[in-house]
Amino acid sequence: LLTALFPDAEEIAPNAAGRIVYQKSSYTDDAYLAFATLVPNARAAYAHSFHAACEEVFNGHCEYCILPIENAVEGELVGFSKLILQYDLKIAATYDVAGADASRKTRFALLRRNILPFSTPDTERNGLFRLALPTQDCKQMADVLSAASFFGIAFLSANTVPTDKDGAVACYNLTFDIRGGDLYPFLLYLATVAPQYIPVGIYSHPKQKGH
């Protein structure tokens with residue numbers, strides 16, 4: 001059903017398959033090592049900026065990139081949420097990297113162009129689902145949240161991605177826990193009742209080592 005709902009999955013060029021590009025730091029190195037266990041034949045590539053990493057994936061030179069999406073101090077990092085929407089990237093997995101203390105924890109996302117999850121049976125049962133809904137459809141958000149609850153999908157968080165200088169439409173980012181819920185009926189509901197929604201990821205969140 002997922003391939004029927006999301007039929008526009010792109011072919012990955014052989015030279016791009018498994019390449020994970022990111023702006024190098026001790027934090028992103030840790031995230032890369034965690035994500036590399038999920039990606040067959042993973043290999044690292046480096047970019048001079050987060051924008052450049054996104055462009056490498058958007059242009060088909062790399063299959064994946066790594067971005068920070070939230071931290072313990074600021075919460076959701078709205079600038080990176082904008083980048084994800086701007087480049088039409090999809091979250092394949094997330095991972096928390098801890099600093100010297102808990103207040104320095106950062107959540108990183110592994111991103112690609114393809115919405116289809118890594119491991120369909122496991123991720124659909126135990127993963128997370130994120131979508132973006134244009135704020136102009138704010139009245140519809142209540143219906144979406146009610147439908148998620150009806151299908152046993154737990155609402156986790158919401159944040160607003162405001163309009164930027166390039167005129168990108170402002171959106172609500174909604175994140176759900178799909179464990180124990182019925183993902184397929186919810187996706188069918190969204191496709192028919194809220195077709196303007198943007199799927200941002202059906203993904204897993206591997207635990208940190210030692211946790």
Side-chain angles (χ1 to χ4, degrees), residues 1-7 9 20 30-40 42 64-72 75-78 80-81 84-85 89-98 102 105-133 140-161 171-195 197-211:
L1 182 59
L2 286 180
T3 53
L5 284 169
F6 307 115
I20 304 174
D30 286 348
Y32 168 78
L33 292 174
F35 292 140
T37 65
L38 305 174
V39 177
Y64 301 93
C65 67
I66 298 173
L67 296 181
I69 57 170
E70 63 180 81
N71 64 36
E76 193 85 19
L77 301 174
V78 174
F80 291 101
S81 295
I84 291 170
L85 294 173
L89 300 177
K90 311 300 179 186
I91 300 174
T94 56
Y95 184 74
D96 291 341
V97 176
K105 185 173 74 172
T106 301
R107 178 162 296 182
F108 288 89
L110 180 69
L111 298 132
R112 58 180 176 173
R113 295 295 303 273
N114 190 351
I115 184 66
L116 301 180
F118 278 137
S119 173
T120 299
D122 181 64
T123 305
E124 287 170 26
R125 287 197 303 267
N126 300 306
L128 302 171
F129 174 49
R130 179 175 290 203
L131 64 89
L133 191 67
Q140 206 163 47
M141 188 166 74
D143 295 333
V144 168
L145 294 175
S146 295
S149 178
F150 178 81
F151 292 121
I153 293 172
F155 169 66
L156 292 180
S157 66
N159 71 287
T160 304
V161 182
C171 291
Y172 295 116
N173 260 344
L174 307 177
T175 304
F176 300 90
D177 186 335
I178 56 181
R179 287 177 294 183
D182 294 318
L183 177 62
Y184 285 159
F186 185 47
L187 290 174
L188 286 170
Y189 169 88
L190 290 169
T192 54
V193 177
Y197 93 99
I198 302 165
V200 180
I202 302 168
Y203 58 97
S204 59
H205 180 68
K207 299 276 188 188
Q208 285 177 274
K209 292 177 182 178
H211 289 260

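Below, each value reflects all heavy atoms present in this structure, side chains not excepted, and no hydrogens, waters or symmetry copies. Residue numbers count from 1 along this sequence.
Checking Thr175 against Arg130 by side-chain atom types alone, a donor-acceptor pair falls below 3.5 Å.
Residues Asp30 and Tyr95 share a closest heavy-atom pair of O-CE2, 4.3 Å. Considering all non-hydrogen atoms of both residues, Phe35 and Phe108 come closest at CZ-O, 3.6 Å. For the residue pair Gly127 and Asp177, the shortest heavy atom distance occurs at O-OD1, 3.7 Å. Closest approach of Pro195 and Val193 over heavy atoms only: CD-C, 3.4 Å. In terms of heavy-atom proximity, Phe186 sits nearest to Val144 at CE1-O, 3.7 Å.
With rounding to the nearest 0.5 angstrom, the CG atom of Asn159 is 9.5 Å from the CG atom of Leu77. Note that CG of Asn173 is 7.0 Å distant from SG of Cys171, once rounded to the nearest 0.5 Å. Annotation: the span from Ile198 atom CD1 to Leu190 atom CG amounts to 12.5 Å, rounded to 0.5 Å. Distance check: Glu76 CD to Ser157 OG gives 6.0 Å after rounding to the nearest 0.5 Å.
Here the side chains of Phe151 and Leu188 are not in contact, with every heavy-atom distance at 4.5 Å or above. You'll find the side chain of Met141 reaches within 4.5 Å of the side chain of Tyr172, heavy atoms only. No side-chain heavy atom of Phe176 sits less than 4.5 Å from a side-chain heavy atom of Leu156. Between Ile66 and Tyr64, the closest side-chain pair of non-hydrogen atoms is not below 4.5 Å. For the pair Arg107/Pro68, no side-chain contact is recorded, criterion being any heavy-atom separation below 4.5 Å from C-beta on. Put simply, the side chain of Leu128 does not reach to within 4.5 Å of the side chain of Ser204, judged on heavy atoms. Contact annotation: the side chain of Leu110 never approaches that of Thr94 to less than 4.5 Å [non-hydrogen atoms, C-beta and beyond]. In this structure, Val200 and Leu89 have side chains that are not in contact, with every pair of non-hydrogen atoms separated by 4.5 Å or more.
Side chain of Lys90 to main chain of Leu116: no donor-acceptor pair is present (N/O by atom type, distance under 3.5 Å, no hydrogens or angles). Under a 3.5 Å cut-off, the side chain of Gln140 and the backbone N or O of Leu133 do not form any donor-acceptor pair. Using modelled atom types, no side-chain atom of Ser149 and backbone atom of Ser146 make a donor-acceptor pair closer than 3.5 Å.
No more than 12 heavy atoms of other residues, nucleotides or ligands lie within 6.0 Å of CZ in Phe150, so this atom counts as exposed by the packing criterion.
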Problem - Step-by-step side chain to side chain contact (heavy atoms under 4.5 Å, CB included) determination, Tyr189 to Asp143 - result: CA-CA 10 Å; Tyr189 169 88; Asp143 295 333; 3.5 Å; yes
Practice task
Take Ile84 and Ile69 through the test side chain to side chain contact (heavy atoms under 4.5 Å, CB included) and record every step on the way to the result.
Solution key: CA-CA 9 Å; Ile84 291 170; Ile69 57 170; 3.9 Å; yes
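Each of Val97, Asp96, Asn71 was scored for a side-chain contact (heavy atoms from CB on, under 4.5 Å) with Lys105, with one residue passing: Asp96. For the side-chain contact (heavy atoms from CB on, under 4.5 Å) with Phe129, the qualifying choice from Ile91, Leu174, Ile178, Ile153 is Ile178, the only one to do so.
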